[in-house]
Amino acid sequence: MCKYVAVMVDLPVEQVDKPFTYKVPDRLKKDVEIGRRVIVPFGRRKIEGYIIDIVEEVDFDTKDVINIFTSFQFFNQELLDLAKWISEYYQCYLISALKAIVPSGKNKIKTKRVIKLAQSIAQSKEIINEMNGRAYKQIEVLSYLVENPNLLLTSTELAQKVDTTPSTIRALVDKGFILYQVEEVRRNPCSHLNFKTTKALSPTEDQQIAIKEISNSLAEEESSTILLKGVTGSGKTEVYLQAIAKVLEAGKETIVLVPEISLTPQTISRFKGRFGNQVAVLHSQLSTGERFDEWRRIKECNVKIVVGARSAVFAPFNNLGLIIIDEEHESSYKQDDHPKYHAREVAIKRAELSDAVVLLGTATPSLESYHRTQIGEYKLIELPKRVDDRPLPEVEIIDLREELKSGNKTMFSELLQEELKDRLAKGEQSMIFLNRRGFSTFVQCRECGHVMECNDCDVSLTYHANPTILQCHYCDYKEDVPNTCPNCGSIYIKYFGVGTQKVEESLKELYPEATIARMDVDTTRRKGAYQQILSSFKQGEIDILVGTQMIAKGHDFANVTLVGVITADTALNLPDFRAGERTFQLLTQVAGRTGRGDKEGKVIIQSYTPEHYSIQLAQEHDYKSFYQLEIGTREIALYPPFTHLINITMSNEDEDKVIKVSNQLGEILSAEMNKIDGEDIMLLGPVQAPLAKVRGQYRWQLLLKGKDLSQLRLLTSQALTELKDLSTLKSVRVSVDVDPLGML
DNA sequence: TCACATGTAAAG
DNA sequence: TTTACATGTGAA
Ligand SMILES: [Zn+2]
Ligand SMILES: [Zn+2]
């Protein structure tokens with residue numbers, strides 16, 4: 001038995017996107033299992049791969065497997081089937097899908113040099129007493145170590161903690177009081193946090209009904225999807241927690257997906273507080289080895305619940321009962337690079353393969369999901385009221401055109417200014433929200449109008465204040481802010497546009513006595529800074545918090561009674577069929593940040609197009625009407641959920657080549673469409689991509705639209721094969737995105 | 001004729 | 001992606 005194995009080699013190329021068979025030498029037979037990582041000879045060299053099948057007989061010559069990694073099985077049959085589905089659905093190589101599933105990289109054990117006391121705690125205390133008072137920093141360091149002997153900090157970290165430099169630590173090492181020790185880094189990202197254990201709350205009537213319905217679905221032991229639509233502050237998390245408890249009772253496992261930016265200690269503690277160390281966390285920021293470690297922990301320890309971002313949908317469970325997707329509508333569930341999967345769709349597929357239940361939670365369902373409840377594909381459960389019957393906040397809309405007419409040239413309307421003043425007087429807190437898209441700050445010359453742009457991308461460089469620098473958001477290119485215009489030499493070159501810094505500055509001018517903080521990429525770059533700002537806001541040390549998307553996510557700030565949105569319609573101007581949906585979701589989300597305590601909340605939305613239904617209906621908290629209107633326009637314009645889209649992007653540093661290939665592919669596609677009588681299929685383009693150039697690569701795109709996705713996929717793959725045979729311009733990159741979220 | 005550059009197909 | 005082999009080119 002186990003004579004041969006079928007291996008997918010780790011090479012993302014069309015020609016090797018098929019299994020290769022190898023003979024297993026006797027010494028390795030005991031380690032043969034699907035999902036193991038192997039080393040095999042490939043051509044004249046060695047290569048890594050994964051076992052995807054075990055075969056008893058072959059009718060051709062084979063080479064021998066060189067080695068099988070014994071660490072663990074990277075995927076089981078169920079995850080392999082899921083990978084196969086992904087590769088087919090999203091048109092990528094099987095190996096790419098597999099690599100999305102397994103923890104990335106090698107089992108590199110990361111080490112660091114940590115500081116430990118050289119003597120026992122008691123002895124160290126004595127040393128402290130006997131030390132020369134002049135070495136007060138050394139005493140501080142030593143005392144810190146005596147109090148926190150298990151922290152295992154590196155010398156830089158320790159120096160930071162006690163506000164000194166590593167040289168102090170060096171001195172202590174030389175004296176023999178402490179020593180360096182190399183430790184394996186096996187980080188448990190939240191182990192240092194103390195979690196308040198919580199008991200199940202007694203649910204509200206609506207929650208009770210929701211839990212009951214979910215339990216019923218779980219009991220069926222048959223795959224199904226439930227959409228839990230609950231207004232902001234309606235207590236969705238408690239429903240999740242009690243649903244998980246039911247899954248645990250049945251001896252099964254749960255995956256909880258939350259959007260990347262919501263994966264904070266607060267979120268994690270909600271789950272750890274209830275279920276303790278049965279919970280593991282899978283960040284996607286975890287580095288190579290760390291993710292590997294967490295995987296090992298999940299497999300080896302008694303982990304029953306995994307909380308994580310997008311990729312946690314692949315958590316290595318064998319007896320999955322439930323997958324929860326919080327904020328189901330969030331666009332971060334779609335992966336940006338290949339394979340461009342959507343975690344919601346993958347979750348539904350995975351649930352189908354393991355007879356599990358998917359629970360989608362949100363206040364503002366994606367059009368797709370709500371539509372599926374209407375046609376009976378998903379079950380719909382609603383939580384229409386906030387807990388304790390708190391009212392939804394009052395929303396007022398300000399027409400910025402009117403403001404301007406009446407002579408207000410600031411970015412804050414009269415009303416917003418008054419309300420801010422009022423909150424400051426009452427000692428209540430406010431949040432000011434800026435939609436990041438369309439809100440870049442750019443540097444422009446006042447004399448000749450020259451705008452500082454990225455050489456490699458078709459965008460202007462963004463101005464950052466701290467440190468002062470110009471940066472490209474697409475390729476990370478950085479340069480110093482010029483003192484003179486590179487075009488005309490004028491010294492009147494300065495930054496324009498509204499950024500969070502600018503809002504913060506203006507607020508400081510308006511309310512010099514207020515404490516104002518800002519939360520954006522600049523202020524949260526430092527590790528832990530995000531947490532720090534949030535917690536000091538929560539403690540009431542900050543009166544006004546200015547921020548981007550980051551502050552819109554489900555934090556509970558009881559004392560926030562005012563939310564201002566500087567301009568609501570920036571997203572509306574984008575060439576994207578989801579613009580209306582995005583705007584509605586964002587406004588609802590932001591509005592939900594207020595009135596979560598005993599005091600009522602108020603929301604002020606400033607807009608240049610206040611008549612737009614996304615804004616009007618967000619004011620009314622009226623999702624249903626919004627859905628009705630939006631679904632109507634989608635149906636007429638033949639956009640999802642009534643059709644599927646496939647976006648094909650061509651890119652190369654030579655735009656002529658890109659255009660040539662785009663045209664070629666466009667022609668092949670139309671020819672194929674005629675052949676297969678593709679009347680239901682529409683081809684748009686080729687057109688220049690909305691982001692015409694990124695990292696020096698020019699981009700053109702083709703968009704396919706049609707009711708039958710498998711027909712679309714077949715068409716693309718056929719056309720691409722044909723293109724490969726035909727085209728001489730092989731250097732042009734062709735990238736396929738199935739179900740793209742936007743048009744970019 | 002050799003040394004090196006460039007293209008192309010194949011990988012069990 | 002790496003590699004071998006085929007084919008092509010220019011200088012000696
Ligand atoms: Zn750039
Ligand atoms: Zn100029």
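Protein chains get the first letters and strands the later ones, always in sequence-line order, with residue 1 at the start of each. The structure presented is a predicted model; accordingly, all values stated were derived computationally and were not measured.
- With respect to the salt-bridge test (charged N to carboxylate O, under 4.0 angstrom), the residues A:Arg350 and A:Glu253 do not qualify.
- Smallest separation of non-hydrogen atoms from A:Gln91 and A:Thr716: OE1-OG1, 3.9 Å.
- By the 4.0 Å N-to-carboxylate-O rule, A:Glu368 lies close enough to A:Arg578 to be salt-bridged with it.
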Using the 3.5 Å cut-off, write out each protein N or O paired with an N or O of nucleotides 7-12 of chain B and the distance between them.
unit_1: B:dA10; atom_1: N7; unit_2: A:Gln15; atom_2: OE1; d: 3.0
unit_1: B:dA11; atom_1: O3'; unit_2: A:Gly43; atom_2: N; d: 3.4
unit_1: B:dG12; atom_1: OP1; unit_2: A:Gly43; atom_2: N; d: 3.2
unit_1: B:dG12; atom_1: OP1; unit_2: A:Lys63; atom_2: NZ; d: 2.4
unit_1: B:dG12; atom_1: O3'; unit_2: A:Thr21; atom_2: O; d: 2.8
unit_1: B:dG12; atom_1: O3'; unit_2: A:Lys63; atom_2: N; d: 2.8
unit_1: B:dG12; atom_1: N2; unit_2: A:Thr21; atom_2: OG1; d: 3.2

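- Between A:Arg344 and A:Asp739 no salt bridge is recorded (no basic side-chain N to carboxylate O distance below 4.0 Å).
- Between A:Val736 and A:Leu720, the shortest heavy-atom contact is CG2-CD1, 3.6 Å.
- Taking every nucleotide of DNA chain C with any atom under 4.0 Å from a non-hydrogen atom of chain A, the first and last of them, 5' to 3', are C:dT1 to C:dA4.
- Using cut-offs of 30° and 60° on the angle between ring planes, the pair A:Phe42 and A:Phe20 is perpendicular.
- In terms of heavy-atom proximity, A:Pro339 sits nearest to A:Ser96 at CD-O, 3.8 Å.
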